[in-house]
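Everything below concerns the one structure shown next.
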Amino acid sequence: MRVSKIPLVLGLPLFLGACATAVPGSYTEPKAGFANVASQITPAIGKRTVFAETQAENEALKKQVHSMVHQKTISADTAVQVALLNNKGLQASYVNVGLSAAEAWQQSTPENPIVSIGVLGIGAPELGAYRAIEGLIRSNVLDATTRKQRMAIADASFRQAQLNAVNDTLALANQTRKAWVDAVAAFEAVSYLRRAKATSDAGSELAMRLGETGALNKAGQAREQAFNAELAGQLAQARLNATRSKEALTRLMGLWGTGVDYYVPDALPSLPRSVGRVTDIEAKALRNRVDLRVAKVGLEAQAKAFGLTDQTRIVSDLEIVAGAEFEREVEGSGDIETKTLPQVEVEFAIPIYDTGKARMRKAELSYLQAANVLAEKAVNVRSEARGAEASYHAAYKIARHYRDVLVPLRTTVEEEGLLSYNGMITNTFELLTDVREKLAASLEAANAKREFYMAQADLTAAIYGGGEGGAGAGGEGASLAAGGGAGH
């Protein structure tokens with residue numbers, strides 16, 4: 001048998017392979033796409049993030065995080081930075097970028113040709129048996145002709161995965177910052193309620209002693225004791241809320257073991273002296289919102305998929321089969337004759353029933369759907385930006401009102417009541433009531449301050465992304481710093 005013609009048979013798939021597009025280096029890098037993700041985080045929130053793939057990288061991060069939090073009172077900025085370095089869910093999002101790069105790499109690689117070899121005829125040659133060796137090589141032409149379009153779709157998915165990772169990072173930063181605010185505000189509420197409880201204990205004790213002497217009836221005693229019991233329940237609930245809030249912050253930072261031995265401040269930072277308007281906030285949001293850019297890339301991917309559907313709507317699959325058939329025949333006279341029969345086959349689907357119109361219609365509607373999603377997202381982004389700015393300034397005015405008006409008035413009432421008590425003009429219960437009302441006003445002021453810092457985080461989220469509507473944490477306005485004493 002002669003096999004010299006086999007290299008000629010291999011020529012077709014080799015020619016098709018020569019049409020393959022070179023694999024972009026960005027797909028094959030060890031941390032493909034992550035540099036682009038990291039470069040978009042710092043301008044938005046002023047923090048860095050990492051993608052740890054090896055055990056050594058994870059150990060180094062673990063030591064760094066431990067040094068940042070162990071037995072320390074952490075600020076909001078520290079909490080956010082720890083979360084970006086240590087949260088495993090975020091690392092899973094970064095892995096998804098690598099998976100998307102691998103998929104794009106796979107799409108840029110030509111499909112391997114299929115080689116098949118068969119032997120026909122079994123029997124002894126002296127009995128006149130007929131034998132044939134058949135070799136075939138199949139190569140999918142559709143794979144070669146549509147590779148460019150499929151690579152474009154895969155590249156769009158790769159870029160979309162990077163933007164999703166950016167959005168996930170901003171979302172984690174925003175959630176962590178707000179969790180820190182919640183935790184600190186919860187402990188601040190505990191401190192006010194603890195002081196109120198101390199005052200209530202004094203009033204309850206006084207009521208009991210006066211009741212023993214007959215100077216206070218049972219209704220008056222019950223009133224003071226009921227108030228004291230209610231306040232005890234409120235204080236217990238506040239302590240539980242503080243524990244839960246701190247645990248939520250711990251979870252976002254990915255801490256466990258000795259890493260949970262950290263503290264938060266006793267109180268939120270004081271309000272800034274003033275807050276300014278954000279100029280052209282709608283334009284800033286449209287320019288910077290990551291989720292809006294994700295929707296744009298999604299529309300681009302749909303457009304490329306539409307083009308691919310148009311290209312394949314008639315011939316859905318096409319294979320060229322090339323090969324050679326070698327025959328060896330043993331005749332009764334003992335002569336051996338060998339024949340080589342080259343062959344080429346083309347296989348394709350005949351569009352009798354499925355003409356591709358249904359797939360074209362689906363592609364058109366998918367593109368239209370993506371376009372409408374993008375248009376809706378743009379409207380929502382504008383609205384969220386306006387609403388976030390309005391809430392930010394309103395929350396600041398409310399917090400200042402409590403701080404500058406209500407609390408000073410309650411302080412004046414308490415001071416005047418103390419003077420009256422010293423002058424024997426007012427009784428002890430009236431003085432205790434004034435003290436309680438002043439503490440209640442201080443607690444309301446603390447809650448208003450919490451709402452302001454929450455609105456500040458939401459404002460940044462409305463501009464960059466990562467919030468509840470697809471927004472992030474960080475930068476516009478004052479940064480929260482650690483305040484108060486030793487913390488909790």
Side-chain angles (χ1 to χ4, degrees), residues 21 24 27 33 36-37 93 96-111 140-168 170-171 282-283 285-319 347-385 387 462 465-472:
T21 306
Y27 300 153
N36 183 41
V37 173
S93 179
N96 192 54
V97 177
L99 290 173
S100 181
E103 176 62 24
W105 184 0
Q106 181 68 49
Q107 291 297 336
S108 66
T109 304
E111 184 177 313
N140 195 322
V141 177
L142 187 62
D143 173 76
T145 57
T146 62
R147 185 174 300 116
K148 183 177 180 180
Q149 287 78 11
R150 289 186 288 107
M151 283 183 61
I153 295 173
D155 183 71
S157 298
F158 177 46
R159 288 185 284 118
Q160 194 171 38
Q162 294 175 60
L163 291 174
N164 282 328
V166 173
N167 199 58
D168 290 343
L170 294 176
E282 289 184 39
L286 291 174
R287 185 170 59 252
N288 295 302
R289 279 286 288 266
V290 179
D291 54 331
L292 189 61
R293 290 157 59 193
V294 170
K296 289 179 181 178
V297 176
L299 180 62
E300 179 184 338
Q302 287 292 344
K304 295 182 184 301
F306 179 83
L308 179 60
T309 302
D310 182 53
Q311 183 170 345
T312 60
R313 64 192 175 96
I314 299 299
V315 181
S316 60
D317 195 11
L318 178 64
E319 282 190 344
E347 297 178 1
F348 59 92
I350 302 176
I352 298 177
Y353 305 109
D354 184 3
T355 61
K357 290 184 178 180
R359 282 182 283 122
M360 283 295 297
R361 181 58 175 162
K362 286 171 62 178
E364 291 173 0
L365 292 176
S366 295
Y367 179 82
L368 181 61
Q369 183 184 51
N372 282 305
V373 167
L374 177 60
E376 182 192 28
K377 175 64 71 174
V379 172
N380 293 344
V381 164
R382 290 175 178 270
S383 176
E384 289 171 12
E468 294 180 359

Smallest heavy-atom separation, Val297 atom then Ala156 atom, equals CG1-O, 3.2 Å

Which pair of heavy atoms, one from Leu299 and one from Tyr367, lies closest together, and at what distance?
-> CD1-CE1, 3.6 Å

Using atom types as modelled and distance alone, determine if a side-chain donor or acceptor of Glu282 lies under 3.5 Å from a backbone N or O of Arg382.
-> no

Side chain to side chain, Asn164 and Asn96, heavy atoms closer than 4.5 Å | no

Is a side-chain donor or acceptor of Asn167 paired with a backbone partner of Leu163 at a separation under 3.5 angstrom?
-> no

Considering non-hydrogen atoms only, spot the tightest contact between Ser100 and Phe158 and give its length.
-> OG-CA, 2.9 Å

Backbone of Val381 reached by a side-chain donor or acceptor of Arg289 within 3.5 Å = no

For the residue pair Arg287 and Arg293, what are the closest heavy atoms and their distance?
-> O-CD, 4.5 Å

Heavy-atom nearest pair, Leu292 first then Lys377, reads CD1-CG, 3.3 Å

If you look at every heavy atom in Val97 and Ala165, which pair is closest and at what distance?
-> CG2-CB, 3.7 Å

